[in-house]
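One structure is given here, and the rest of the page talks about it.
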Amino acid sequence: MKNKKSKKKELSELVSILSNNITIYLVDISNLNSNQIFILRKSFYEHSIKMKVVKNTLLKKAINKINNQKWNSFFPILNGNTTVLFSNLNVTNITSKIIKSFHVQEKTDKPYLKGAYAQESFYFGGGNKDLNILLHLKSKEDLMIEILNILQFSIRDIILSLLNSTYKIGKILETLSKKSE
């Protein structure tokens, strides 16, 4: 009876994780030793990223319970070791940086990226390839700031050229008026 109760609690926790977080990575950390896992956990924790090892069958049940067809796209990658990295903050780039630097530092390809949900989009497999995409993924806010900066510089250039033209026209008119006197 207790086992069933704990599974229900864990299922409810997974539903909450998937429903209430904006950055979710599914990774494979198999073959990492306890010290390496500790290092990863600590690095993630420093950036408000939580790490939870899950059973694939329970994760599938949680996805089914959410009742959102988009999450079903995770089903094909739910095999082998699965660890969920999650945060309610936009930490897509930070999560990817931590994983990439861990790869270099530990000379390993683990954690291996199985899939991710970030910036309201899904990314799958490919390990380092998708990790690089996520590493350079810009938030909507970052894109808006870039667009506004581009527009700001364009508008400033237009105003400066108009002011410069007005100044030149004024000088020409002044010169012409002096010649006609």
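Heavy-atom basis, side chains included; hydrogens, waters and symmetry copies ignored.
- Shortest non-hydrogen contact noted between A118 and Y123 is O-CE1, 3.6 Å.
- Summarising the geometry of K114 relative to N79, their closest heavy-atom pair is NZ-O, 2.5 Å, with the distance given to 0.1 Å.
- The side-chain heavy atoms of V15 and I66, taken from C-beta on, include a pair separated by under 4.5 Å.
- Clustering ILVMFWY residues whenever any of their side-chain heavy atoms sit less than 4.5 angstrom apart, transitively, puts I24 in a cluster other than the one holding I22.
- Checked by atom type and distance alone, the side chain of S12 never pairs as donor or acceptor with a backbone atom of K8 at under 3.5 Å.
- Here S6 contributes atom OG and E13 contributes atom CD; the two are 11.5 Å apart, rounded to the nearest 0.5 Å.
- Going from atom NZ of K61 over to atom CD of E10 covers 11.0 Å, rounded to the nearest 0.5 Å.
- The backbone N or O of N33 lies less than 3.5 Å from a partner atom in the side chain of Q36, making a donor-acceptor pair.
- Taking NZ of K9 as the start and CG of L14 as the end, the distance is 12.5 Å to the nearest 0.5 Å.
- Separation of atoms CZ (F102) and CZ (F44) is listed at 8.5 Å; rounding is to 0.5 Å.
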Got a list of side-chain donor-acceptor pairs under 3.5 Å for residues 46-60, not counting sequence neighbours?
residue, atom, partner, partner atom, Å
N56, OD1, T82, OG1, 2.6
N56, ND2, G80, O, 2.8

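- Note that CD1 of I94 and CD1 of I99 are 12.5 Å apart. Values are rounded to the nearest 0.5 Å.
- Residue pairs meeting the ring pair (Phe, Tyr, Trp, His ring centres under 6.0 Å) criterion with at least one partner in residues 53-81, sequence neighbours excluded, are W71-F74, W71-Y117, W71-F122, F74-F122, F74-F124.
- Sorted by first then second residue, the side-chain hydrogen bond (donor to acceptor under 3.5 Å, both in side chains) pairs that include residues 18-31, not counting sequence neighbours, are S16-N20, Y25-S96, D28-S30, D28-K110, S30-K110.
- L11 and A62 make their closest contact through CD1-N, 3.4 Å (heavy atoms, listed as atom of the first residue, atom of the second, distance).
- A side-chain contact (heavy atoms from CB on, under 4.5 Å) with T83 holds for exactly one of L40, L26, L32, V27; it is V27.
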